[in-house]
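Note: hydrogens, waters and symmetry copies are ignored here, and every other heavy atom, side chains too, is used.
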Amino acid sequence: MGARMMGALAVLVFAGHASAAENSKPPVDDMRCLAASMFVAKTDTNEERGFAVFTYFLGRLDVAAPGRATAKEMRAVLRKLTRVEVVADALLCNQAYNARDAEMIKLIDEVTRWNTKEVERAARGKVRNSFNEDGQR
């Protein structure tokens, strides 16, 4: 597969949303996911989404081992991977990201519904577990 074809495939990887898996743990090592997402972020026409995926895996790595030499480790991983492996990893890691993204969207929807109910309740004068304008309970 040529470099242009690989780039085009990489663009497709993060462009669409795969169906959410129940477990958002990627089937590939987080460091490989970080490397794959960096590759896609730099070749994707939707650079913003690519960097969101990159930031997600960077955060996972930082939480797992604060202060680790992430850049050094990623360079070592990239030296060992072929472009085909990077694209394959990107496909798998994208599924994990999409699953987590779907979970967070559901949570945001729940919080929004809860907030709407609280605002409606406050408008009727039935304030419960809410804050006043000064931020006091």
Q: Give, for atom CD1 of I108 and atom CG of D101, the distance between the pair rounded to the nearest 0.5 Å.
A: 8.0 Å

**Q.** Euclidean distance, Y56 OH relative to D30 CG, rounded to 0.5 Å
**A.** 7.5 Å

Q | Shortest non-hydrogen separation from L34 to L58 and the atoms involved | A | CD1-N, 3.6 Å

Q | Residues R100, E103: salt bridge by 4.0 Å N-O rule | A | yes

**Q.** Salt-bridge present (K117, E120; N to O < 4.0 Å)
**A.** no

(Q) I need the N98 CG to I105 CD1 distance, nearest 0.5 Å. (A) 9.0 Å

Q) Which residue, M74, K80, E85, forms the side chain to side chain contact (heavy atoms under 4.5 Å, CB included) with R32? A) E85

Q | Heavy-atom closest contact (F54 atom, S37 atom, distance) | A | CA-OG, 3.2 Å

Q. Got a second to check how far Y97's OH is from C33's SG, nearest 0.5 Å?
A. 13.0 Å

Q) If you look only at pairs with a residue in residues 61-70, which of them pass as a side-chain hydrogen bond (donor to acceptor under 3.5 Å, both in side chains), with sequence neighbours excluded? A) R68-E73

Q: Report yes if the side chains of D109 and K106 come closer than 4.5 Å at any heavy-atom pair, otherwise no.
A: no

Q: For residues F39 and R83, determine if any side-chain heavy atom of one lies less than 4.5 Å from a side-chain heavy atom of the other.
A: yes

Q) So, for D89 and A36, which heavy atoms are closest and what is the spacing to 0.1 Å? A) CB-CB, 4.0 Å

Q.
To the nearest 0.5 Å, what is the distance between CD on E110 and CZ on R113?
A. 6.0 Å

